[in-house]
2 protein chains.
Amino acid sequence: MHAFASANGPAAPRRRDGPERRAQILATAAELFAEYGFEQTSMREIAKRVNMLAGSLYHHFETKDDLLHALIRDPQQQMIRENERLAALPVDAELRLAATVIARFHQFSANWHVHVLLMQEANFYRQHAEFSYVQSAKNQASLVMTRILDEGIAAGLFRAEIDSYLTNATISQMISAAAGRLRQGAFISAVTGREYGLAAVLDHTLDCALRLVRPAARIEAPVRRAEAERLVGDCLGR
Amino acid sequence: MHAFASANGPAAPRRRDGPERRAQILATAAELFAEYGFEQTSMREIAKRVNMLAGSLYHHFETKDDLLHALIRDPQQQMIRENERLAALPVDAELRLAATVIARFHQFSANWHVHVLLMQEANFYRQHAEFSYVQSAKNQASLVMTRILDEGIAAGLFRAEIDSYLTNATISQMISAAAGRLRQGAFISAVTGREYGLAAVLDHTLDCALRLVRPAARIEAPVRRAEAERLVGDCLGR
DNA sequence: GTCTATACAGTGATAGAC
DNA sequence: GTCTATCACTGTATAGAC
């Protein structure tokens, strides 16, 4: 009944050690935070899901806020860097805009919970100075996209009348909202019951974004999605 | 020093009575809920702002949830009814779509805090069965707008290729987001510092909405905002 | 690295005096 | 209609045994 491990070599660990435990806690926390909100999720609940007691979490993270920082800080920074790399590509503004939209969806589907957390806890970040970097990063992302829009206008690719700031706000919102609706990787109409996958939603979002910026003459031009996809893949190395 | 009120007639009330007190509590609660979130706002905090103690609130409202119900239930119902009235007007679908967008902004600016509450506490409503009517009402609103879109497509006013459900989701989100950014009745760009008033944001949103649905041939047609405004004014009696 | 036990502040809600 | 006082509970976080 009781099989013993061989005497040499490390014994099977009764309590999981090191970084993998930390990662497990982070993943669980991300899930709960995204589902119930940061402040509505208790340390006790997180602990229960990873089979430990609340007090033990404090061996891995100093405070609850720390846990949140650890979840969002790096992914958001990486997102900004990727956006900047795409914005600097030597292709026309429309292709860079398309690549940005696509990249955002990739980032989202690769790290679903964290990105939900970034958008839906905006109130919390605004009220806690230690999280002000979240808003700074969002402003930075706005700046990058605003510049793409302005360059597109200057090049005659986008309508001259658009207000790049309002348009950026609208498009960014559109992306976040569309991605946010993809809760379990799909999005089910509450009215018709029909289901929309990531590809369909991305397609629709991309189409909408271009429709907002294109001049009448180019409104029905092809979307060049495949080219933009390839650009994203090459530039971000995937 | 001590002036007495005349013996007849009601004495000056030392503690404010009746419905006005209730209204004051509701207004204060709406403000705090919108600013800090429903669950992050304590009954003690609400009480402090209206100069009473937490226990006394329970003379006016049975529970904290009750307070929230009292805030959102009627305004949301009214919003739906207004949307339905507008959708039934005997004018073309595009004008009805424009009127819907405009009405939504009116509703929002007339009752700022409540509408913020309706959009930003979606997680909470989803998790508490007693608030399921919030989602039902949103679905109802979706249905109304989806029908406008479908009728516009059938009439050849809108593009035949649009998916009315996804497009409705996008436009609704656009309206909510735009209105939500108008926190203090205006919206200040974090990048350029430039300020946008309600009129400018409404203008932009309306333009975007029409741009998403119009076929290429009518993409630059005039927006008929004045006509839509008048329609809203007449239909909703303002 | 995890557990036990606990400190301490804050929560929604109630009972009864005034 | 409001206040005082309090209950039962949950929250984050800590100290020290194992």
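Side-chain proximity of A/Leu53 to the nucleotides D/dT14, C/dC3, C/dT14 is greatest for C/dC3. Side-chain proximity of B/Thr63 to C/dA13, C/dC3, D/dT2: nearest is C/dA13. Candidate nucleotides D/dA13, C/dT2, C/dG12 were compared by shortest atom distance to the side chain of B/Ser42, and C/dG12 ranks first.
The phosphate of D/dG1 (OP1 or OP2) has a side-chain N or O of B/His59 nearer than 4.0 angstrom. Look at A/Ser56 and you'll find a side-chain N or O under 4.0 angstrom from OP1 or OP2 of C/dC3. Between B/Arg22 and D/dG1, a side-chain N or O to OP1/OP2 separation shorter than 4.0 Å is absent.
Rounded to whole Å, the distance from NE2 on B/His60 to P on C/dA13 is 15 Å. Atom-to-atom, NZ of B/Lys64 to C1' of D/dT10 comes out at 13 Å; the value is rounded to the nearest Å. Look at CZ on B/Phe61: it is 15 Å from P on C/dT14, rounded to the nearest Å. For the pair A/Gln40 CD and D/dG11 P, the computed distance is 11 Å after rounding to whole Å. We find that CD of B/Glu39 is positioned 10 Å from P of C/dG12, with the value rounded to whole Å. For B/Ile46 and D/dT2, the CD1 to P distance is 15 Å, given to the nearest whole Å. Distance OH (A/Tyr58) to P (C/dT4): 17 Å, rounded to an integer number of Å. A straight line from CE of A/Met52 to P of D/dA13 spans 16 Å, rounded to a whole angstrom.
By the 30° and 60° cut-offs, the orientation of the rings of A/Phe131 relative to A/Tyr125 is tilted. The aromatic rings of A/Phe108 and A/His115 sit tilted, their planes meeting at an angle between 30° and 60°.
Looking at B/Arg44, its side chain comes within 3.5 Å of the base of C/dG12 through a donor and an acceptor atom.
At distances below 3.5 Å, at least one donor-acceptor pair connects side-chain atoms of B/Ser132 with backbone N or O atoms of B/Ala129.
Every residue two or more places apart in sequence or in another chain that forms a side chain to side chain contact (heavy atoms under 4.5 Å, CB included) with A/Gln78 is listed here: A/Arg81, A/Glu82. For the side chain to side chain contact (heavy atoms under 4.5 Å, CB included) test, residues two or more places apart in sequence or in another chain that qualify with B/Ser42 are B/Arg44, B/Glu45.
For an aromatic pair to be called close, the ring centres must be under 6.0 Å apart, and A/Tyr133 with A/His69 satisfies this.
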Checklist line | Dot-bracket encoding per residue of DNA chain C, Watson-Crick/G-U cut-off under 3.5 Å, | denoting interstrand | finding: ||||||||||||||||||
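Here the side chains of A/His113 and A/Glu35 are not in contact, with every heavy-atom distance at 4.5 Å or above.
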